[in-house]
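Order of the sequence lines fixes the chain letters, A, B, ..., with proteins taken first and strands second; residue numbering starts at 1 for each chain. The figures that follow rest on heavy atoms only: side chains count, while hydrogens, waters and symmetry mates do not.
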Protein chains: 2
Amino acid sequence: MNNINEKSSYHHGDLRETLLIVATEMLQENGINEVSLRKLASRVGVSRTAPYHHFKDKNALLCGMAEKGFEQLHQINKCGYEDEELSIREHFYRFIHDYIQFAHNNPDLYELMFGRTIWKDKSSTQELRDSAYPCFQFQVAMTQEWQKKGLFNVDDNALRVSQVLWGTVHGIAKLFIDGIYTDNSKIEEICDYAVSMFLAKSKEN
Amino acid sequence: MNNINEKSSYHHGDLRETLLIVATEMLQENGINEVSLRKLASRVGVSRTAPYHHFKDKNALLCGMAEKGFEQLHQINKCGYEDEELSIREHFYRFIHDYIQFAHNNPDLYELMFGRTIWKDKSSTQELRDSAYPCFQFQVAMTQEWQKKGLFNVDDNALRVSQVLWGTVHGIAKLFIDGIYTDNSKIEEICDYAVSMFLAKSKEN
DNA sequence: TATCTTAACTTGACGGTGTCAACTTTGGTT
DNA sequence: AACCAAAGTTGACACCGTCAAGTTAAGATA
């Protein structure tokens with residue numbers, strides 16, 4: 001039954017997963033405006049309302065897509081963090097760089113993940129929150145580690161410090177991917193500036 | 001003819017301006033999803049397609065709304081900058097604070113102004129760019145002034161420095177208004193942290 | 001004053017969208 | 001063998017943005 005080539009034709013087999021994948025493809029190809037349930041269904045080869053057996057409504061589908069985005073981002077953060085060969089300062093640079101690179105590589109997905117559509121009011125699903133909050137908390141944990149290692153003042157509130165740091169990468173990423181920076185700025189150069197502006201006081205690292 | 005109370009009924013008199021105002025009201029009341037040309041027209045008391053004589057399409061209307069937003073933000077920046085009674089450090093704090101406060105007071109407008117909808121590809125109108133770029137450039141100019149006054153290294157590229165600063169406020173603002181910060185953090189405290197993290201090395205100001 | 005031009009506004013129509021209700025098919029359980 | 005619940009279907013509805021063709025009225029021209 002899990003044989004993909006077998007034409008069971010009526011029951012799809014793994015429609016929920018397929019919908020998420022194809023919808024994300026459509027998002028990356030043509031932006032959020034071109035993601036419609038009807039086009040998605042037709043592209044997957046299924047009727048208009050079939051998706052409703054797997055997602056309560058369109059918002060739930062979008063939340064599902066964002067959910068996977070947060071898992072990716074969390075994974076990227078983890079990989080950078082667990083690299084033993086880097087100095088603290090390099091760790092910090094890598095966090096900033098990888099984060100902005102992720103946004104740059106997946107602009108529409110990133111916009112979806114952090115946009116108002118999904119988060120305002122109470123429209124975010126529980127699953128989305130369960131996926132996103134650990135990702136946020138990991139960034140707080142990294143900040144605490146950086147504080148311990150001397151990159152930032154240990155006495156400062158780690159949550160606040162990480163909010164400022166995260167704000168910075170988030171802001172740069174968004175301005176970057178939305179094409180608001182007028183020149184075709186190099187990611188690496190901006191990251192260098194961000195790092196040096198935060199760490200100018202602790203050159204010993 | 002400009003008499004508002006006079007029921008000329010067929011010709012509105014100042015429809016373009018009224019549309020922008022009412023659309024922005026609708027945006028602030030119920031978010032971008034509730035802003036439709038048809039509801040807007042009906043609320044203004046005009047037929048469905050009347051707006052098309054003043055805006056090429058919906059995107060042009062949205063650009064018009066964002067345009068006004070950038071004029072407001074530019075004005076706020078100017079006001080803070082021209083306040084003679086503040087020290088440099090206070091100027092810097094005020095810039096950050098006022099910016100985030102603006103976003104906090106007008107969350108949906110802010111999302112519109114900086115969102116992908118309007119900026120991606122070539123969908124931004126010339127008028128929007130004419131309104132937004134001076135606002136951006138003013139921030140670069142402020143940064144140069146801060147560099148001269150010793151807040152930041154004069155040798156650094158002003159554009160890059162301002163991109164990082166602007167990224168920070170933009171990112172904090174967005175995370176704030178989208179309700180992604182889990183606790184209802186005080187704006188002032190976050191601004192304090194942002195200022196001190198950038199200026200820790202130059203305490204003399 | 002009479003006529004003409006044209007911008008502002010209207011109605012009708014089309015294809016696309018999210019979503020609901022009612023129906024059919026199917027795989028697995030009793 | 002009978003049944004049930006999950007998965008998928010078709011039809012319908014109320015919206016939406018936008019185009020084409022027609023109407024109204026304000027202001028310039030003569």
Between Q147(B) and D156(B), is any side-chain donor less than 3.5 angstrom from a side-chain acceptor? no
Which heavy atom of A23(B) sits nearest a heavy atom of V35(B), and at what distance? O-CG2, 4.1 Å
Measure from the side-chain heavy atoms of A50(A) and tell me the nearest of dG8(D), dG18(C), dT18(D). dG8(D)
Atom-to-atom span, CG of L19(B) to P of dG17(D) - whole angstrom: 13 Å
Between the protein and nucleotides 13-16 of chain C, are there any N/O to N/O pairs under 3.5 Å, and if so, what are the atom names and distances?
unit_1	atom_1	unit_2	atom_2	d
dA13(C)	N6	R48(B)	NH1	3.1

Quick note, T49(B) side chain, CB onward, closest among dA8(C), dT19(C), dA20(D) is dA20(D)
I need the NZ-C1' distance between K58(A) and dT17(C), as an integer number of Å. 8 Å
Quickly, which of D108(A), N105(A), N106(A) forms a side chain to side chain donor-acceptor pair (under 3.5 Å) with Q28(A)? Name it, please. N106(A)
Taking R89(B) for its side chain and V195(B) for its backbone only, find out whether a donor-acceptor pair lies under 3.5 Å. no
Could you walk me through whether Y110(B) and H170(B) pass the ring-ring contact (aromatic ring centres under 6.0 Å, His included) test, one step at a time? CA-CA 10 Å; Y110(B) 190 86; H170(B) 177 65; 5.6 Å; yes
Test ring-ring contact (aromatic ring centres under 6.0 Å, His included) on F70(A) and Y133(A); report intermediate values, then the result. CA-CA 9 Å; F70(A) 279 110; Y133(A) 286 164; 9.0 Å; no
F55(B) atom CZ is separated from dG17(D) atom C1', nearest whole Å, by 16 Å
Can you check whether H54(A) has a side-chain N or O nearer than 4.0 Å to OP1 or OP2 of dA6(D)? no
Can you name the residues that form a ring pair (Phe, Tyr, Trp, His ring centres under 6.0 Å) with H97(B), not counting sequence neighbours? Y93(B)
How close or far is atom P of dG8(D) from atom CG of L15(A), stated in whole angstroms? 5 Å
Let me know the distance between CG of L40(B) and P of dC16(D), rounded to the nearest Å. 11 Å
Report the distance from atom CZ of R16(A) to atom P of dG8(D), rounded to the nearest whole Å. 13 Å
Within this structure, what is the NE2-to-P distance between H53(A) and dG8(D), rounded to whole angstrom? 7 Å
Gap between atoms OH and P, on Y52(B) and dA20(D) respectively (whole Å): 12 Å
